[in-house]
Amino acid sequence: MSKNLYKVLFAIFIISLVSSFSLQAQTVTGNVKDGTTGFSIPGVAVLQMGTLNGTVTDIDGNFSIALAQGSDTLEFSFMGYETLSLATGGRQEINVLLKEDLLELDEVVVIGYGTQKKKVVTGAISTVNAEEISKVPVLQAGQAMQGRTAGVQVTNQSGQPGDPPTIRIRGVGTTGNSDPLYVVDGLVVSSIEYLNPGDIEQMDVLKDAASAAIYGARAANGVVLITTKSGTKGSINLTYSAYYGIQNAAKQLDMLNSDEYMMMMNEGARNGGFTEPFNPNTVAEYDTDWQDAIFVQNAPMVSHDVTVAGGNDVATFSSSLSYFSQEGIIGGDKSKFERITARLNSRIKVTDWFNFGNNLTFSHVNRKGIASNSSFNGVYSSALNMEPLLPVIEQNPDSLAQPRYVNNADYLIRNSEGLIYGLSNRVPGEVVNPMALLEIQTGETRVDKAVGNVFGEIELIKGLKFKSSLGIDLAYVNYDSYRPFYYLNGAQKNINKTSVYKSVARYLTWQWENTLIYTKSIKNHNFSILVGTSASETNGENLNGFNTMVPTDDPNNVYLDMSMDTAREAQAGGGAFHEAWFSAFARVTYDYKGKYSFTGIIRRDGSSKFGPNNRYGNFPSLGVSWLLSEESFMPDLGAINFLKLRASWGINGNDKIGSYQYLSVMDYSRAYIIGGTRLIGASPRFISNLDIHWEESEQIDLAFDLGAFNDRLIATFDYYIKNTNGLLERVPIPGHVGNDPPYANVGSVRNSGIELSTTWRHYIKGLKYSIGFNGSYNINTMTHIANDEKSIQGASWSVAGPVTRAEEGLPIAYFYGWETNGIFQDMNDVYTYLAPDGELLQPLASPGDVRFVDINGDGVIDDEDRTKIGNPTPDFTMGINGSVEFKNFDFSFLMIGAFGHQIFNGSQRMDLQFTNSTTKLLDRWTGPGSSNTNPIYTWSDKNLNNRISDLYIENGDYVRVKNIQLGYSIPSNLLSKIKIKDWRIYVSAENLLTFTSYTGADPEIGAMSSFDIGIDRGIYPQARTFRFGTTITF
Amino acid sequence: MKRHMKKLGVLMAITFLLSACEKDFLDRPPLDTVVSSNFYKTEADAMSALVATYDVLGYQSAPGVSWAPFLTMSDILSDDAFAGGSDPNDGKDEDELNTYNIPTENLIVHAIYLKNYTGIYRANLLMEKIVDIEASEEFKSRIVAECKFLRAYFYLEQVRFFENIPLLTETIKGPSEYIQSQAAPADVYNQIATDLIDAINILPANIPANEKGRLSKWAASGLLARTYLFYNGVYGAQFTVNENTVDNSVVLGYLEDMITNSGHALFEDYSDNFHLIGEFGVESVFEISHGDILPWWDWGYVRGGEGNLAAQMQGPRVTGSENWDRGWSFGTVNYKLVEDMGNDPRLDYTVLFQSELDGALVKGYQHTGYYSKKYSSDAEHWSTGGQFELNRTCNFRVIRFSDVLLMAAELGSPNAQDYLDRVRSRVGLESIPATADNIYNERRLELSLEGVRYFDVIRKGMSFASQQFTSVGLRGPDYIGDQVIFDVTFNNSTKGFLPIPQSEVDQMGGTFTQNTGY
């Protein structure tokens, strides 16, 4: 990397030397001071606009600049102050007062089809800006919100590169898809993983229904508006950013070593009535630490980003090229994410009344992955269950002479040196040598995406603008996988035929939006009226093929045509879908002196996902705010200089279900063999339900914004109640109907909570610091489920069955299982654990077995006794961030935390014999009084000790130091000599520390679906990363 | 300039609004699949719909329960087999059937219930749709007759298991029709008889080779007799079909016609009935096809495959064998059957002995040392592709000609002695008098582990069932486990019926009554 960096630097250096070769004319000197305190400010960049000519103020705030030919305007900029442009007007001495840029409320927020000053915003909108993103570079756009936005819970799904974070705005709003709507530069996009985080200028999260109502039927889970960078008038800047990082496992679990393993297996066998498998005098040949084997040391991560931006009075542009690559700490390049993006945003002022512009991005993503949280084929879960007696590589000739090696000689998996991976003859089922399992992983996804829009804006009369914007989101998604020959154990093998699977899919969404906006101020009455229409269509088509007997040495280059199979088992498939939306909307905003503000929105949406009966819906909202602190009648509030009250109400929809769900489509996956031929049959896939409509969410938001100590302290507090009705689910219908149920609007969920975000910023004599805190407390309750069970079954764990479900009165996706009440210490305990009728409650139990609670009191322990044993969704999430700048050094940190939830620790396969365990197993019950929490270890689990119970539940609270960073900016006086405007280097660490009592590898477990959350099946843990990075602006 | 601009802008906006408001824009019918409302049009469509109805014959699972083959489950209910499986937890639902201690939430019970109504729905739907399909009357009438047979078959499974069930001869059209009530069992049986007699009158006598698997009139006759024996045995009544009484002699008449005219006969070799060579052979009156023509992989949609799941479930847990491959040891055979068969030559074709197994054997729950040999994970029926568990290829012979002979004998055929002799002499046994007891007992010897035994016992009444199904102190010489896990006591308060699945009762809000004994 460094080699490339130097090349780039050198090239840029040469260019800048040539371009700045110009005649020197006049010299201007002066002094820069803080406008409030009057202190001199050192280090202020002073730049002659439109040139690369510049300098910085010295320790006393003095500067001297020799003006080059060209503009006579100077620009003074310094972090934390508002940038000031000043024409010299021939003056030779200029003294400048800079204004502290503290007034966050003067910031502009994006509200959908326009922007608004934060001061007059009536809704709940959280903003993350480019500065925050560039200071702590994130790997994916979604992570930029983590810990920075109250009410937005961002949880990484796993530590696998490219696994998208789970983003939930104000709680989980549905049992279906609760992802927010993403809108990039006005274009609704399906996901944001294609974005280069460095391209983002600002992210605005519309949290309350009143704000989100402008996106109507698709906004119920919140809206994330992303604005990419565009150029500004002035000199052309070239910025090069790069970092290189190394990643390592942050934690390894303590597993049984070979001696402990043999002892425990003997004990399990003995207790289960089996013959002890190991002679107690055996000395283990191997003591393999499978975690050591699978975790890659110093897995690399690299990012390069070049941005050129600038412009003049006629046109501005911003263009970038970026490359990002991350290898995983498990599997290295088998678990790898790569992203290349190229972007051009431009704005052209064609005439006084006509503007033209575009935002265009091309992106290529390449993702190779392994199962990141799976009981059955996970590499990490295999590592946590594989016996330590097995060597990673088997070289012992006696072992290799055993039938499992000899009989499968052609199918054994070998490492790069041709050595054979060890095969266990003890551990059964899906638990296999994880290194061998890694070797046969071949799935690869490649996405080529072009996203962009072109727009024109006409000012019809003063204040009245018509804008038309046409955008597309085009994606080609290729997926390949190759199934080599392998023999991992008797159950996990492919000894018949190798095969290759390929698929290609094309998705195209176009969106055409037309808006008319009229902005007018009459005296102190400011109002704007927006009306618009939006039409959008998505088309998707895919093709896939499968072929067998494809010999190859290179699983990355396998094609269907390489088949050598005379049996012609090739298969092909493919399909298509289309969806469309049409919407009309209007918004009125009004404020009087910024003191009283009002926003009203109505959007009418039509969605092809619903039948003619319910195709259209209306989504209204109202919001008001009152700037109390501006009222003359208000008494002096002391330190408080700003106080705004806000209230809003609105209705949003969620239409995230598949296409055609209201119809009864024919399903051709029926078949019967007649006359020796497999005939294809067809019958309706499910009953139709023409009446389904979107899920509808109604939300009230009450809030205040506060500024104190001259806005050094800024706080925002929100309280909301969000009721989502008509959840779309397939709930069971009577069996005698004879077909699967259709979607129906059947449930309701309520989220209510409070959000607080607060920042304190201060500047004392060259020391600038800030500390911010944001916290969200959300209570989620399923208020209604319209089936007889009043429940919906959720995700499953391992072979044990469902572990989460939804039920009226409880949170969405709570952990569901048996409650335990200690361990039977002796037979007397078993004999005295009686049902109301005097019978034994657990007749099959022996001492050491788990005592389960007869929740329903019916005298038997059965499925009906399952109850709530935990909640995977945190009540409280928070972020704390801080920064200190002194002289040229800057330091920052970001901590995140989540509290009040539990994790289901299911990484051990207790249903199988011979699997290894963490050392927690050593705390098992061994006799009366030995343990009242960990049952006896036995291979015949008559009492079903291993069923889903609270014994698997652990406290999931954690606080994680997500990022900590130290940066140094090269002094400007040095830089100005080499014509560099800004050069910062930094070191940072991610996931440096995690405070938790959770005993699994990683407490941050995102949701795979609304129901599959907080279940640790041996999750791919997040890496601890150290990065070195730099940003140079020319 | 500005004036023009204004006009232009307004024009654009209006044009756009109008053009985009077209109604069609949001009307997006599926591109790659047909919607049921415009499907049923041609003969080919009707055939596809018919295949989908036949498909349910091969279902041995339902959503939520992947493994519930009729064969295995009915034998586990009987005294021929135990639950088995790897451990008590593995076969929990099976064990509940085995011990007649069946909670109303038992998943297998629900799977069976759902499966049969799926078949009934598809048969009803096709009979409703075929009216408007463009096809010859001959084509239509055969399809309707097949639908009636299939509907009768599914209703028979359903009513024998559940007794009190809703009787639907049309599809349910919407949520307003969800609530139904249970029909009197006699109404269900009469419907079955009506459907079968209609089928007998229309279905062809001969099925050409390229249609093997489709139904003949003889299959309908056989099923009618099976239904009659059960109904008459349990309720002591005859069928009423179109206000006519269908009694012993009518049913016997259909069987005699078959015996005389159908061309069906016994294989010389008894074991051909359980080998590929005998599929759709001369002895097979009604047979459900299984196979691996499209190798199946999908564990999430097991019933999409055509494999015989019973064979996977009942096979021994053997690895490294040339002859049997990795079954799951469900339905381990009861020592009682081995004892009852004694020296009968059919024992060797019926029961797979532990001693016959090569390879490494893992002994599961309720290991008796005996497995079914008729439907097993034997090498002949291994798949050539796909996930081996999902692709066992043996067809299920539902009604064999020997069963027909025995039913005719039981119904009082004047040729009873001949029929019994034919069944016995085929396996080299000498003649015994064709007494009712001997005929009945022959069924056990001839048809065990074929899903017949349970209903044969139940139809003889509860005291007989208690005597047969209660089995204490038996476990054979090769058992693993305590005696207590082999001891089974029949619960005659249920009359041998399964519970109506709890969630079905719950969803009916009171219109369903749970079966007695639950």
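Within every chain, numbering begins at 1; the chains are lettered A, B, ... in the order of the sequence lines, protein sequences first and strands thereafter.
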Open item on the list: Can you tell me which portion of Phe280(B) sits under 4.5 Å from chain A's heavy atoms? Options are side chain, backbone, both or neither.
Closed with: neither
TODO: Give, as side chain, backbone, both or neither, the part of Leu944(A) having an atom under 4.5 angstrom from any heavy atom of chain B.
DONE: side chain
Open item on the list: Among residues at least two apart in sequence or on other chains, which ones pass ring-ring contact (aromatic ring centres under 6.0 Å, His included) with Tyr121(B)?
Closed with: none
Open item on the list: Below 4.5 Å, heavy-atom pairs only: which of Leu125(B), Ile293(B), Asp87(B) has the largest tally toward chain A?
Closed with: Ile293(B)
Task: Glu541(A) portion near chain B, given a 4.5 angstrom heavy-atom threshold - done: neither
- [ ] Let me know if Ser536(A) has heavy atoms under 4.5 Å from chain B in its side chain, its backbone, both or neither.
- [x] backbone
- [ ] Using distance alone, with no hydrogens and no angle criterion, decide if Glu579(A) and Ser659(A) have a side-chain donor and acceptor under 3.5 Å apart.
- [x] yes
Open item on the list: Can you tell whether the side chains of Asp352(A) and Lys462(A) come within less than 4.0 Å, N to carboxylate O?
Closed with: no
- [ ] Run the numbers on Asn395(B) and Ser289(B) for side-chain hydrogen bond (donor to acceptor under 3.5 Å, both in side chains), then give the verdict.
- [x] CA-CA 5 Å; Asn395(B) 287 358; Ser289(B) 59; 5.2 Å; no
Open item on the list: Please verify the inter-ring angle class for Phe274(A) with Trp939(A); under 30° counts as parallel, over 60° as perpendicular, anything in between as tilted.
Closed with: perpendicular
Open item on the list: Salt bridge or not between Asp45(B) and Lys129(B)? Use side-chain N to carboxylate O under 4.0 Å.
Closed with: no
Task: Ser607(A) portion near chain B, given a 4.5 angstrom heavy-atom threshold - done: backbone
Task: Residue part contacting chain A, namely of Pro30(B), when any heavy atom lies under 4.5 Å - done: both
- [ ] Measure Ile680(A) against the heavy atoms of chain B and call it side chain, backbone, both or neither at under 4.5 Å.
- [x] backbone
- [ ] Check each atom of Gln571(A) against the heavy atoms of chain B and say whether the ones under 4.5 Å are side chain, backbone, both or neither.
- [x] side chain
TODO: Would you mind checking which part of Lys92(B) comes under 4.5 Å of any heavy atom in chain A, side chain (CB onward), backbone (N, CA, C, O), both or neither?
DONE: side chain
Open item on the list: Below 30° counts as parallel, above 60° as perpendicular, anything between as tilted: where do the rings of Tyr113(B) and His110(B) land?
Closed with: tilted
Task: Contacting region of Phe577(A) [heavy-atom separation from chain B under 4.5 Å] - done: backbone
Task: Lys/Arg N to Asp/Glu carboxylate O, Glu537(A) vs Arg28(B), below 4.0 Å - done: yes
Open item on the list: Do Tyr54(B) and Leu150(B) have side chains that approach each other closer than 4.5 Å (heavy atoms only, starting at C-beta)?
Closed with: yes
Open item on the list: Please identify, among Thr384(B), Ile288(B), Asn116(B), the residue contributing the most non-hydrogen atom pairs under 4.5 Å to chain A.
Closed with: Ile288(B)
Open item on the list: So for Asp740(A), is it side chain, backbone, both, or neither that comes closer than 4.5 Å to the heavy atoms of chain B?
Closed with: side chain
- [ ] Report the option among Gly320(B), Pro29(B), Gly119(B) that has the most heavy-atom pairs separated by less than 4.5 Å from atoms of chain A.
- [x] Pro29(B)
Open item on the list: If I compare all heavy atoms of Asp298(B) with all of Trp296(B), which pair ends up nearest, and what's the gap?
Closed with: O-NE1, 3.3 Å
TODO: Can you tell which part of Tyr668(A) gets under 4.5 Å to a heavy atom of chain B, answering side chain, backbone, both or neither?
DONE: side chain
- [ ] Let me know if Ala49(B) has heavy atoms under 4.5 Å from chain A in its side chain, its backbone, both or neither.
- [x] both
Open item on the list: Can you tell me which portion of Phe39(B) sits under 4.5 Å from chain A's heavy atoms? Options are side chain, backbone, both or neither.
Closed with: side chain
Task: Pick from Arg670(A), Glu569(A), Arg678(A), His578(A) with the largest number of heavy-atom pairs that fall under 4.5 Å of chain B - done: His578(A)
Open item on the list: With heavy-atom distances below 4.5 Å as the criterion, would you say the side chains of Tyr616(A) and Arg604(A) are in contact?
Closed with: yes
Task: Contacting region of Ser86(B) [heavy-atom separation from chain A under 4.5 Å] - done: neither
Open item on the list: With a 4.5 angstrom heavy-atom cut-off, is it the side chain or the backbone of Phe154(B) that approaches chain A, or both, or neither?
Closed with: neither
Open item on the list: What I'd like to find out is whether the side chain of Pro734(A) reaches to under 4.5 Å of the side chain of Met508(B), using heavy atoms alone.
Closed with: yes
Task: Parallel, tilted or perpendicular: ring planes of His736(A) versus Phe512(B), cut at 30 and 60 degrees - done: tilted
TODO: Please state whether the side chain, the backbone, both or neither of Ser688(A) comes within less than 4.5 Å of a heavy atom of chain B.
DONE: neither
Open item on the list: Taking the six-membered ring for Trp, are Tyr743(A) and Tyr662(A) closer than 6.0 Å centroid to centroid?
Closed with: no
- [ ] Pick one of side chain, backbone, both or neither for Thr33(B), based on which atoms fall under 4.5 Å of a heavy atom in chain A.
- [x] side chain
TODO: Would you mind checking which part of Ala744(A) comes under 4.5 Å of any heavy atom in chain B, side chain (CB onward), backbone (N, CA, C, O), both or neither?
DONE: neither
Task: Results of side chain to side chain contact (heavy atoms under 4.5 Å, CB included) for Ser36(B) - residues two or more places apart only - done: Ser664(A), Met666(A), Pro684(A)
Open item on the list: Could you check whether any side-chain N or O of Tyr660(A) sits under 3.5 Å from a backbone N or O of Phe610(A), counting only pairs where one atom can act as donor and the other as acceptor?
Closed with: no
TODO: Considering only heavy atoms and a distance below 4.5 Å, find which of Gly676(A), Gly273(A), Gly575(A) pairs most often with chain B.
DONE: Gly575(A)
Task: Proximal component of Pro732(A), with respect to chain B [non-hydrogen, under 4.5 Å] - done: both
Task: Proximity breakdown for Lys609(A) and chain B, heavy-atom pairs closer than 4.5 Å - done: neither
Open item on the list: What part of Phe388(B) gets within 4.5 angstrom of chain A, counting heavy atoms only: side chain, backbone, both, or neither?
Closed with: neither
Task: Glu287(B), part contacting chain A, at a heavy-atom distance under 4.5 Å - done: backbone
Task: Contact origin within Lys467(A) toward chain B - heavy atom pairs under 4.5 Å - done: neither
Open item on the list: Quick check for you: among Ile179(B), Asn124(B), Leu168(B), which has the greatest number of heavy-atom pairs under 4.5 Å with chain A?
Closed with: Leu168(B)
Task: Check ion pair Asp941(A)-Arg947(A) (N to O, under 4.0 angstrom) - done: no
